[in-house]
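Only one structure is covered here, and it is reproduced in the block below.
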Amino acid sequence: MDFLIPADPKSVVLAAKQGKPLPQALPASKPVAQIRALAQRLAGDNAKPSKSSFWSKLVRKPS
């Protein structure tokens with residue numbers, strides 16, 4: 001096993017009460033750190049975060 005996402009029920013409940021996804025509610029939590037590490041590994045070492053959102057690319061106004 002390369003990655004283990006730690007169980008953190010308190011963080012999950014807090015995020016749910018705020019109505020936000022865990023990475024948005026508690027970006028520094030242990031589960032989020034492991035999820036980010038897994039995503040980085042799956043995307044590759046050279047992957048860089050996009051500066052524009054997925055939705056902004058879809059609704060881009062013509063020039």
Residues 21-35, side-chain donor-acceptor partners within the protein, below 3.5 Å, at least two apart:
from  : atom 1 : to    : atom 2 : distance (Å)
Ser29 : OG     : Leu26 : O      : 3.1
Gln34 : NE2    : Leu4  : O      : 3.3

In a table with atom names and distances, give each donor-acceptor pair under 3.5 Å that connects a side chain of residues 8-19 to protein atoms at least two apart or in another chain.
from : atom 1 : to    : atom 2 : distance (Å)
Asp8 : OD1    : Ser11 : OG     : 3.3
Asp8 : OD2    : Ser11 : OG     : 2.5

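Through side-chain heavy atoms spaced under 4.5 Å, either directly or across other Ile, Leu, Val, Met, Phe, Trp or Tyr residues, Leu38 is tied to Phe3, Leu42.
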